[in-house]
Amino acid sequence: WGMSDATRGELRDASLRAMRGGDGSWSIEIPAGTLRQNWLRDMQVTDLRARYADGVLTVENTPVQVAGVAAVLGGRVTCAATPRFDLTLQGEAMPLEVFCGEPFDRFFNLQTTGTFSIGGSTNLATGVTVTAALQATGGFIRGLAIQQALATATTRIRSSGSCRGCASS
């Protein structure tokens, strides 16, 4: 689905089982597959369960693997002439460079904890949006001048003893 980088997504290598309920809703099960939406690439889905009713696809919290790290995907997609995404991807120790790709992946190797929010629409000029609220929990940043300047300044302040409230190392 989607015709541009800002809207493109897919589910591949998957089988789907759909069962119609007495109320006209659909229960959908996808036992395994690979999901991609924009810059959230190659999420391995295991046991995705969703319900479609009244024009809304509700995705139950579904375990996914992102670069071998467990995360959870869930939320809603309103299906209409202008579909609306309202999904979240939550995880711990997720490798940030997997989401950023070239050329950023050569500058850092960071593990992050937090939430990616997937919003927008495949039928709007702004496309499907991905925003993140993340906290770095490990790793490193290299080759960035600001990081080198902060490291140098912090070392000088701590070694001179002129920083009030700085922890001694």
Side-chain angles (χ1 to χ4, degrees), residues 1-139 141:
W1 57 85
M3 301 298 288
S4 69
D5 286 342
T7 62
R8 192 166 291 122
E10 68 179 348
L11 178 64
R12 66 178 188 270
D13 303 324
S15 62
L16 177 137
R17 181 173 45 202
M19 296 166 284
R20 189 171 179 115
D23 61 356
S25 67
W26 288 88
S27 293
I28 300 167
E29 298 175 1
I30 300 173
T34 302
L35 179 66
R36 171 183 239 165
Q37 182 61 56
N38 304 50
W39 300 275
L40 297 176
R41 300 183 298 267
D42 299 329
M43 292 181 282
Q44 301 302 311
V45 173
T46 53
D47 197 29
L48 186 144
R49 296 181 185 270
R51 182 172 186 269
Y52 178 79
D54 301 321
V56 177
L57 178 69
T58 303
V59 178
E60 294 179 16
N61 286 341
T62 298
V64 297
Q65 294 279 320
V66 179
V69 176
V72 176
L73 176 70
R76 301 163 42 113
V77 178
T78 303
C79 304
T82 304
R84 294 282 181 180
F85 285 74
D86 184 13
L87 298 166
T88 59
L89 175 69
Q90 297 177 323
E92 296 181 12
M94 295 183 294
L96 185 61
E97 61 274 10
V98 170
F99 301 110
C100 296
E102 288 285 336
F104 302 104
D105 60 353
R106 67 177 175 249
F107 292 114
F108 52 77
N109 177 355
L110 290 175
Q111 290 77 46
T112 60
T113 295
T115 302
F116 287 89
S117 298
I118 305 163
S121 176
T122 55
N123 294 6
L124 293 176
T126 54
V128 177
T129 60
V130 179
T131 57
L134 302 171
Q135 177 179 355
T137 56
I141 300 172

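The figures here come from the full heavy-atom set of this structure, side chains too, leaving out hydrogens, waters and symmetry mates. For clarity, every value in this text was computed on a predicted model and none was experimentally measured.
Nearest heavy atoms, Pro95 versus Val69: CD-CG2, 4.0 Å.
Considering CZ of Arg20 and OG of Ser25, their distance stands at 8.0 Å, rounded to 0.5 Å. The distance from the CD atom of Glu29 to the CE atom of Met19 is 4.0 Å, given to the nearest 0.5 Å.
When the salt bridge (charged side-chain N to carboxylate O under 4.0 Å, His left out) test is applied to Asp47, the partners found at least two apart in sequence or on another chain are Arg49. Shown here are the salt bridge (charged side-chain N to carboxylate O under 4.0 Å, His left out) partners of Asp13, two or more places apart in sequence or in another chain: there are none.
When atom types are taken as modelled, the side chain of Gln111 and the backbone of Gly139 share a donor-acceptor pair closer than 3.5 angstrom. Side-chain atoms of Glu60 never come within 3.5 Å of backbone atoms of Gly75 as a donor-acceptor pair (strictly under, hydrogens ignored).
Around the CZ atom of Arg8, the shell of radius 6.0 Å holds more than 12 heavy atoms that belong to other residues, nucleotides or ligands. Other residues, nucleotides and ligands contribute over 12 non-hydrogen atoms within 6.0 Å of the CG atom of Asp23.
Defined by atom type and a distance below 3.5 Å, a donor-acceptor pair is missing between the side-chain atoms of Ser121 and Asn123.
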Let me check something: any side-chain donor-acceptor pairs from residues 79-93 under 3.5 Å, sequence neighbours excluded? List them with distances.
none

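None of Gln44, Glu10, Arg12 except one satisfies the side chain to side chain donor-acceptor pair (under 3.5 Å) rule with Thr34; the exception is Gln44.
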